[in-house]
Structure formats: structure tokens, C-alpha cells
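Here the structure is laid out as C-alpha cells; the discussion comes afterwards.
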Amino acid sequence: MDGKLGCVVAAVDGGEESMNALGWALNNLKLRPPSSPGSDDAGKLVILHVQSPPNIAAGLNPGGIPFGGPTYVEVPAFAAAIEAHQKRISNAIISHAVGICSGKNVNVETKVVVGDPKELICEMTTKLHADLLVMGSHAYGAIKRMFLGSVSNYCINSVSCPVIIIKENSTS
């Protein structure tokens, strides 16, 4: 690319595919240089991680109380423990992604949002006025994709900027 990219969003989920896509972006894309020394208008790479909400990740319902008790009981300590665990996972994913960027002399920002990855990647790409979205593909088979859906396919059809999907080990 020609060095005019102002904002590139790299969506990462901790999987090897998304980290390969991040590496590809670092090796192949050129961001806009600052217009003058000291200005803050240089292009940036935004590492975006979408954390699943606790109720999606673990089904915060540990089960109803038997023998006529309520069918839905929210256990605050259980919810807090799951949220803390997910936050540690998200921090580890972001740390790993930032480590991949180290030594590449690129302006990096990180964002972690909570919700549905398909919708939030598209929403954040628009909100950040991204020039490009880069993401990996899990390369699920047709049956698995039918049940789980394809985040990359959804994004290709929903974002307003170009999307580059990196499959498997296409990091060069």
C-alpha cells in the first residue's frame, strides 16, 4: 500500500490466524507519516479485541434451585469471577499483539470492547474512520461455519472500508 493509510484496524482474538493477520499488516502496509515533526496526524494501527460478554462466554446461569426454586438465579460472585477471568484473557491477547508490534516503529493503539465480535468489529471500524480492516480467518468447514457464522464474512459485507482477510500462515 502507498503510505496514505490513516487508520488500520487489526482485529485480534488470540488465535494464531488473527496474530498472523496482524503480522501481515505490520510487514506489508505503510501508514501515513506525520505531516510535520511533532504533529499527531500520523497513521495508526489499532489493535481491536472483542471480548465476549460473560453471559455468552459462560452462561451465567448456574442452574435453577431444585424443588420449586426460581429458575434463574444470578450469582454475583460467579459473574465477577468470570468477568475478571475474561479481562485477564483480553489483557494477555492485547499484550501478545503489542509484543508482535514491538520494534516495528508503528503508532499502535489498543481497544478492547465487550459484545458480539461481528457487530462490534464493524461498529468500531466505522467509529475509528478506518481506511482498512485486517483480520484472520479461522477457515472453518461449511458445517461449522453454518452454525457459528463467519465473523470475517459478516465484516466483508458490513463495513464501509476495504477488508483484507489473511488465511493460515500468509504472513509474508
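Values reported hereafter were calculated over all heavy atoms of this structure, with side chains retained and with hydrogens, waters and symmetry mates removed.
The hydrophobic cluster containing L120 does not contain V114, counting ILVMFWY residues as joined when their side-chain heavy atoms lie under 4.5 angstrom apart, directly or transitively.
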Under 3.5 Å, which donor-acceptor pairs link side chains of residues 93-100 to any protein atom two or more places apart or in another chain?
{"unit_1": "S95", "atom_1": "OG", "unit_2": "N91", "atom_2": "O", "d": "2.9"}

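Applying the side chain to side chain contact (heavy atoms under 4.5 Å, CB included) criterion to S152, with sequence neighbours excluded, gives M135, S137, S150, I165. Residues passing the side chain to side chain contact (heavy atoms under 4.5 Å, CB included) test with S158, sequence neighbours excluded: C122, Y154. Take T125 and apply the side-chain hydrogen bond (donor to acceptor under 3.5 Å, both in side chains) test, not counting sequence neighbours, and it matches no residue. Here D41 pairs with S35, S39 under the side-chain hydrogen bond (donor to acceptor under 3.5 Å, both in side chains) rule; sequence neighbours left out. Applying the side-chain hydrogen bond (donor to acceptor under 3.5 Å, both in side chains) test to D131 and every residue at least two apart in sequence or in another chain returns nothing. Not counting sequence neighbours, T110 has no partner by the side-chain hydrogen bond (donor to acceptor under 3.5 Å, both in side chains) test.
Counting only distance, with no hydrogens or angles, the side chain of E17 and the backbone of I166 share no donor-acceptor pair below 3.5 Å.
Sequence neighbours left out, the pairs with a member in residues 98-112 that pass salt bridge (Lys or Arg N to Asp or Glu O under 4.0 Å) are K44-E109.
For the pair Q86 and S52, the tightest heavy-atom approach, listed with the atom from each and the gap, is NE2-O, 2.7 Å.
The environment of CG in N157 is crowded: more than 12 heavy-atom neighbours from other residues, nucleotides or ligands sit within 6.0 Å.
L45 pairs with exactly one of L22, V9, N107, L5 by the side-chain contact (heavy atoms from CB on, under 4.5 Å) rule, that one being L22.
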